[in-house]
Amino acid sequence: MATPRIAVIGAGLMGHGLAQVFALGGHDVTIYDSAAASLATVKDRIATNLRDLGDDARAIDRVRPTGDLKDCVRKADYVVEAVSEDLPLKQKLFAEIETHVRPNAILASNTSVIPITDIMRGLRRRERALGTHWWNPPYLVPLVEVIGTEWTSPTVIDVTMKLHKDIGKTPAHVKKDVPGFIGNRLQHALWREAIALVEHGICDAETVDTVIKAAFGRRLAVLGPLENADMVGTDLTLAIHKTVLPAIESRRGPSPYLEKLVADGKLGFKSGEGFRRWTAAEQAALRTQVLQHLKTARERDEKKDPTPGRSS
Ligand SMILES: NC(=O)c1ccc[n+]([C@@H]2O[C@H](COP(=O)([O-])OP(=O)(O)OC[C@H]3O[C@@H](n4cnc5c(N)ncnc54)[C@H](O)[C@@H]3O)[C@@H](O)[C@H]2O)c1
């Protein structure tokens, strides 16, 4: 079978990274954005990433930006949308995309939290539509959650899982289209408790992060919670839950502490203060540290399981 042709809609933070990973995996990629500036810089941004990561620079030759949506999707076997997180915008785009694509083209959305069912509801052929939730930066974080709706055909799920596996990603099948899918549900269950610990005066924000980073955070990349529960024993896990769960934060909405931060304009890095104060130098140092950590993890993965065609 010929290598599927990919169309990426949106050339922002995520879109350019998705295009990069597909091109590196040997796919021809067209990429569309409604903002001319985004399109004009997309090849340079990808080329810089490829250089920075020591990946095959020739991958850039497989990426073709276009300012015409029809031209972008017309010949594609697989279309993935990564425009702004806005439901009516995504619905409108998919309705238009559907009028231009080949009969068997698969249509995917990279939304972070919007149910795929809501985005794809208006399509004529909903069985070919699904969600693929990548993580930032797409060329360093392996996971892609593959989310089916009640309409998605099993073949479309299988093809999409294989497509992502073949380009070196770690696809995870989400069988029900629930808000937050899997990753963001887990992540934000932890954040809810993290905020509550600060809200209730149990510790300050820096201490929450220190406890995670110096304790179970150290193990998390190699030991998931359910592996961990089996390792210590489900009986011990049950005993712990009987004591701890009744005390853990369980409110259904956002914390008033978080709402007040936002109301006070304490927006985090954007304003220089959120849960903590951040100078520009501290922000840059943290970003660099995260990037370096992810690069080292990818290098380790590559040594264990080299992805064909990745190295230059
Ligand atoms: N940033 C993350 O960490 C992250 C992670 C996973 C998923 N996502 C999701 O991916 C999607 C894109 O996020 P991002 O961070 O890349 O945003 P972004 O703002 O960096 O990029 C969005 C792009 O969409 C373009 N756009 C807006 N309207 C458009 C239209 N009508 N037609 C074509 N292009 C249009 C913008 O010009 C911009 O280039 C969102 O749904 C977001 O929730 C983001």
Side-chain angles (χ1 to χ4, degrees), residues 6-22 29-46 48-49 63-74 76 78-101 107-120 122 129-147 149 160 164 169-172 174 177-188 191 267-270 283 286-287 290-291 293-294:
I6 309 295
V8 178
I9 313 301
L13 186 68
M14 295 303 288
H16 90 284
L18 269 61
Q20 178 182 327
V21 178
F22 278 115
V29 181
T30 47
I31 183 162
Y32 163 79
D33 198 293
S34 55
S38 215
L39 269 189
T41 58
V42 68
K43 284 194 90 154
D44 281 349
R45 282 179 283 141
I46 294 175
T48 302
N49 294 341
V63 179
R64 182 173 69 84
T66 170
D68 177 353
L69 179 62
K70 181 176 177 186
D71 173 45
C72 184
V73 302
R74 196 164 56 91
Y78 184 89
V79 179
V80 55
E81 164 276 312
V83 305
S84 320
E85 188 77 339
D86 174 333
L87 177 60
L89 170 66
K90 289 180 191 286
Q91 288 169 326
K92 191 163 158 279
L93 257 178
F94 276 110
E96 187 177 348
I97 289 166
E98 198 181 31
T99 66
H100 301 310
V101 284
L107 309 184
S109 173
N110 181 51
T111 174
S112 299
V113 293
I114 302 172
I116 308 302
T117 305
D118 294 348
I119 297 172
M120 306 299 186
L130 78 174
T132 52
H133 179 226
W134 295 57
W135 293 68
N136 184 44
Y139 39 86
L140 288 177
V141 183
L143 187 77
V144 178
E145 290 170 273
V146 175
I147 308 118
T149 69
T160 304
H164 289 84
K169 305 310 289 179
T170 304
V174 184
D177 183 24
V178 291
F181 316 129
I182 300 172
N184 271 326
R185 285 170 90 94
L186 291 166
Q187 182 166 235
H188 288 278
W191 291 21
L267 303 179
F269 281 17
K270 273 184 271 197
Q283 293 180 24
L286 190 53
R287 286 192 204 281
V290 173
L291 212 56
H293 172 77
L294 294 173

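When a ligand or atom number is given, it counts from 1 through the structure's own listing order.
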Which residue and heavy atom of the protein sit nearest [atom], plus the separation:
atom: atom 1 (N) of ligand 1; answer: Leu13 CD2, 3.5 Å
atom: atom 13 (O) of ligand 1; answer: Met14 CG, 4.0 Å
atom: atom 6 (C) of ligand 1; answer: Trp134 O, 3.0 Å
atom: atom 21 (O) of ligand 1; answer: Gly12 CA, 3.4 Å
atom: atom 10 (O) of ligand 1; answer: Asn110 ND2, 3.1 Å
atom: atom 3 (O) of ligand 1; answer: Asn136 CB, 3.2 Å
atom: atom 41 (O) of ligand 1; answer: Glu85 OE1, 2.5 Å

Do [X] and [Y] have side-chain heavy atoms sitting under 4.5 Å apart?
X: Pro171; Y: Thr160; result: no
X: Leu93; Y: Leu69; result: yes
X: Val42; Y: Asp33; result: no

Point-to-point distance, once rounded to the nearest 0.5 Å, from [atom1] of [X] to [atom2] of [Y]:
X: Leu286; Y: Leu291; atom1: CG; atom2: CG; result: 11.0 Å
X: Met120; Y: Thr149; atom1: CE; atom2: OG1; result: 8.5 Å
X: Lys90; Y: Asn110; atom1: NZ; atom2: CG; result: 7.0 Å
X: Glu145; Y: Asn184; atom1: CD; atom2: CG; result: 7.0 Å

If only atom types and distance count, is the side chain of Arg45 paired as donor or acceptor with the main-chain N or O of Leu13 below 3.5 Å?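 Judged by distance alone, no pair lies under 3.5 Å.
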
Quick one: does any side-chain atom of Gln91 pair with a main-chain N or O of Asp118 as donor and acceptor, under 3.5 Å?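 Side chain of Gln91 to backbone of Asp118: a pair is present.
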
Does Arg64 pair with Asp71 as a salt bridge, N-O distance under 4.0 Å?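 A salt bridge is present here (some side-chain N lies under 4.0 Å from a carboxylate O).
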
Find all atoms of ligand 1 within a distance of less than 4.0 Å from any non-hydrogen atom belonging to [X], and give their numbers and elements.
X: Lys90; answer: 40 (C), 41 (O)
X: Tyr32; answer: 32 (N), 33 (C)
X: Thr111; answer: 41 (O)
X: Ala82; answer: 11 (C), 12 (C), 22 (C)
X: His133; answer: 6 (C), 7 (C)
X: Ala35; answer: 37 (O)

Using the ring of each side chain (for Trp, its six-membered ring), is Tyr78 parallel, tilted or perpendicular to Phe22, with breaks at 30° and 60°?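 Ring orientation of Tyr78 relative to Phe22: tilted.
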
Please work out whether the ring planes of His133 and Phe181 are parallel, tilted or perpendicular, with thresholds of 30° and 60°.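 Judged by the thresholds at 30° and 60°, the geometry between His133 and Phe181 is tilted.
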
Ligand 1 versus [X], non-hydrogen atoms closer than 4.0 Å: side chain, backbone, both, neither?
X: Ser38; value: side chain
X: Trp135; value: neither
X: Leu89; value: side chain

If you measure from [atom] to every heavy atom of [options], which option wins on shortest distance?
atom: atom 35 (C) of ligand 1; options: Ser34, Ser112, Pro138, Gly67; value: Ser34
atom: atom 37 (O) of ligand 1; options: Ile31, Asp33, Val83; value: Asp33
atom: atom 22 (C) of ligand 1; options: Ser84, Gly10, Gly183; value: Ser84

